[in-house]
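Presented below is the structure to which this report refers.
Position 1 is the first residue of the sequence; numbering continues from there. On a predicted model such as this, the values are computed, not experimentally measured, just so you know.
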Amino acid sequence: MHSDMFSVRIRPWQSQLLLVFFLLISANLSFFAELTAHYPLPQHLGFVLSVALLLGFLLLLMIQLLSILITPRWLYPILLLIAAITGYFTDELGTVFDRIMLTNVLQTNPDEAKDLLSAGLVWRIMLLAVLPGLLLSGSKGLQRPAIKASVISLCSIFALTLPSMLPFSDQYASFFREHKSVRYHANPIYPIYSAVDLVARQLRNPAHKQLVKLTGEHLAPKPTGHSELVIVVVGETARADHFALNGYSRQTNPMLSKQANLLSYANVSSCGTSTAVSVPCLFSFSHRDAFDLDSAKYTENVLDVLHKAGVNVLWRDNNSDSKGVATRLPYEDFRSPDHNPECDKTECRDIGMLAGLQDYINQQQGDILIVLHQMGSHGPAYHKRYPANFEHFVPACKSQELAECSTQEIINAYDNSILYTDYFLNQVIELLKRNTPKFETAMLYMSDHGESLGENGLYLHGMPYFLAPRSQTHVPFLVWVGESSDILLEPSRGLTHQAYSHDDFSCSLLQSFEIDSHIIGNTPCVPYFVYRDE
């Protein structure tokens with residue numbers, strides 16, 4: 001009898017309608033904000049209500065289809081949890097949970113995931129997932145509704161939805177054609193659709209798929225002469241307009257600005273807006289429009305080709321991993337004190353990737369390529385990306401819940417992380433200088449993507465490319481060359497304001513090792529720099 005005091009006698013089809021209504025009002029704030037931005041109230045109130053009915057119908061259809069596979073006693077709490085979590089990040093940070101974003105989530109390491117936890121997220125889960133889940137569990141309606149009742153409820157909602165759409169047929173025509181981005185905020189419909197799409201793609205690409213080779217097993221040796229020593233630094237979440245070298249009003253590059261033989265390319269676009277896409281695309285031979293993340297895993301990249309050409313290739317990582325780029329190459333993980341001697345209570349620092357690097361160089365014969373993958377400016381906990389003595393811009397945001405900080409505090413913490421990258425890159429250059437008499441030395445620094453810092457209510461990165469603001473795709477690219485390098489400094493300086501992209505990185509890297517990109521049947525790229533012909 002005691003348990004009946006808190007139970008509500010509702011029918012299964014009624015519980016579905018209650019769940020739909022709750023998801024509409026609690027999980028779709030960003031959807032309606034995006035909708036009313038294009039169709040302002042009150043003049044478009046009728047159309048907005050019609051779209052709300054359409055979204056409710058689609059939610060009900062999704063719930064009924066999923067109920068065939070999963071019992072409502074499990075399905076409803078799962079849907080509430082998905083909606084609460086994705087809704088929080090969409091509402092607070094502007095995150096869109098498409099297939100690429102879900103790939104990023106799956107590749108996030110525990111330390112990065114910890115940075116995303118916040119009191120706001122916990123409260124959202126408790127109030128919008130746990131509490132309604134408990135209330136539903138106390139009802140008598142958590143059974144699969146009879147087929148007849150399901151069909152009746154679905155037809156009833158559709159009977160209301162269709163007439164509401166007819167008076168706005170002209171607006172719906174423009175809505176579906178010109179404002180497709182609104183649908184990315186339909187929660188939890190779009191995240192679940194993206195998850196199904198991701199799983200389907202994985203099933204079509206089994207792990208044992210054969211590697212696509214772009215060249216033969218052995219390539220012709222390069223012309224005789226000095227051996228090359230090139231260090232490629234893959235930056236993380238750095239945006240070009242926050243580099244003083246590109247005209248930023250703050251001095252975020254005090255050390256690099258004093259380096260001679262340094263080029264800063266001010267107009268470079270990334271291949272993607274997330275590490276999971278940009279890093280493998282950067283080292284592939286595909287242009288952004290043709291790049292496919294799934295097939296890239298099974299296709300040789302520029303590092304594989306260089307390795308076949310006899311170059312000693314080493315990947316050192318202080319980020320999550322190489323995103324499949326260095327799967328077939330020597331790889332060292334610097335995210336723990338086991339390899340990284342520069343770890344403090346907060347995290348392991350990028351500078352630790354230089355430990356023992358001179359010994360490695362001394363032990364190699366011939367050309368050397370070293371890739372250093374930074375933790376860089378990974379958000380939202382920008383304050384963790386630099387030691388305390390690099391906190392030059394204050395006050396800096398000290399919370400991973402960005403809503404607790406002002407825009408200026410967020411920018412201050414982010415700029416401090418760029419300041420630390422400046423120090424790290426300067427140390428890379430100093431290492432190369434010590435090896436210049438023996439090698440033709442060069443450093444190439446390229447960020448994977450940019451970052452939103454609150455502009456238009458957006459934070460972090462990962463927006464679908466066609467929706468992404470320039471802050472997420474405009475990346476810094478720096479080239480430093482030693483005195484013995486075959487890269488011609490002054491002629492190359494005249495190219496630094498031309499428009500470039502990640503598309504041209506791989507063949508330019510081949511060029512720096514005096515390897516013709518035609519060996520992989522590649523259309524000649526737009527070179528980043530002018531190279532001395534032997």
Side-chain angles (χ1 to χ4, degrees), residues 12-13 15-35 51-106 108 113 116-118 120-137 141-142 144-145 150 153-154 157 161 179-202 460 462-464 467:
W13 66 268
S15 69
Q16 286 187 344
L17 294 179
L18 282 173
L19 178 60
V20 166
F21 180 73
F22 184 78
L23 291 174
L24 276 175
I25 63 174
S26 69
N28 284 281
L29 299 179
S30 291
F31 176 87
F32 288 109
E34 187 80 7
L35 178 64
V51 173
L53 272 175
L54 176 60
L55 180 59
F57 170 74
L58 294 175
L59 282 168
L60 182 62
L61 178 61
M62 179 193 71
I63 290 169
Q64 292 196 353
L65 289 175
L66 291 176
S67 295
I68 298 173
L69 303 174
I70 307 172
T71 176
R73 190 165 297 279
W74 289 103
L75 174 63
Y76 294 0
I78 291 172
L79 291 177
L80 288 167
L81 183 62
I82 292 172
I85 293 173
T86 57
Y88 171 81
F89 287 106
T90 300
D91 295 343
E92 296 296 323
L93 303 175
T95 305
V96 172
F97 285 88
D98 60 357
R99 175 175 57 88
I100 301 302
M101 179 54 69
L102 293 181
T103 302
N104 296 333
V105 171
L106 293 174
T108 298
L116 294 171
L117 294 177
S118 64
L121 175 60
V122 173
W123 275 111
R124 184 127 179 178
I125 292 173
M126 294 297 295
L127 293 177
L128 300 185
V130 175
L131 182 59
L134 290 174
L135 291 174
L136 273 175
S137 67
L142 288 188
R144 286 190 179 93
S150 295
S153 62
L154 200 60
I157 297 296
T161 303
H179 303 300
K180 296 179 180 179
S181 62
V182 178
R183 72 172 184 260
Y184 296 126
H185 297 86
N187 188 19
I189 293 176
Y190 195 69
I192 290 175
Y193 162 79
S194 300
V196 172
D197 183 31
L198 179 61
V199 171
R201 286 171 178 266
Q202 294 299 317
L460 305 181
M463 290 288 290
L467 292 175

(Q) Under the rule for ring-ring contact (aromatic ring centres under 6.0 Å, His included), what residues qualify as partners of F57, not counting sequence neighbours? (A)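 Partners of F57 under the ring-ring contact (aromatic ring centres under 6.0 Å, His included) test: F158.
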
Q) Does Y190 have any ring-ring contact (aromatic ring centres under 6.0 Å, His included) partners at least two apart in sequence or in another chain, and if so, which? A) Y184, Y193

Do [X] and [Y] come within less than 4.5 Å of each other through their side chains, counting heavy atoms only?
X	Y	value
L80	L23	yes
V182	V51	no
L79	L66	yes

Nearest 0.5 Å, please: how far is [atom2] in [Y] from [atom1] in [X]?
X	Y	atom1	atom2	value
L128	I25	CG	CD1	9.5 Å
L58	I63	CG	CD1	11.0 Å
L17	F22	CG	CZ	15.5 Å
T103	L198	OG1	CG	4.5 Å
L24	F31	CG	CZ	9.0 Å

Q.
According to side-chain contact (heavy atoms from CB on, under 4.5 Å), who are the partners of I125, at least two apart in sequence or on a separate chain?
A. L81, I85, L121, A129, V130

**Q.** Which residues share a side-chain contact (heavy atoms from CB on, under 4.5 Å) with I100, sequence neighbours left out
**A.** D98, N104, S274, V277, L293

What's the shortest heavy-atom distance between [X] and [Y], and which atoms?
X	Y	answer
S67	Q16	OG-NE2, 3.9 Å
L54	T161	CA-CG2, 3.6 Å
L467	S181	CD2-CB, 3.3 Å
P188	M62	CG-CE, 4.0 Å
H185	N28	O-OD1, 3.5 Å
F89	L116	CZ-O, 3.9 Å

Q: Could I get the full list of salt bridge (Lys or Arg N to Asp or Glu O under 4.0 Å) partners for R99, not counting sequence neighbours?
A: D197

Q.
What verdict does the side chain to side chain contact (heavy atoms under 4.5 Å, CB included) test give for V122 and L117, after you've listed the backbone C-alpha separation in whole Å, the side-chain angles of each residue and the deciding distance to 0.1 Å?
A. CA-CA 8 Å; V122 173; L117 294 177; 5.9 Å; no

Q: Provide the full list of side-chain hydrogen bond (donor to acceptor under 3.5 Å, both in side chains) pairs with a residue in residues 80-91, sequence neighbours left out, each pair given once.
A: S30-D91, T86-N187, Y88-S118, D91-R124

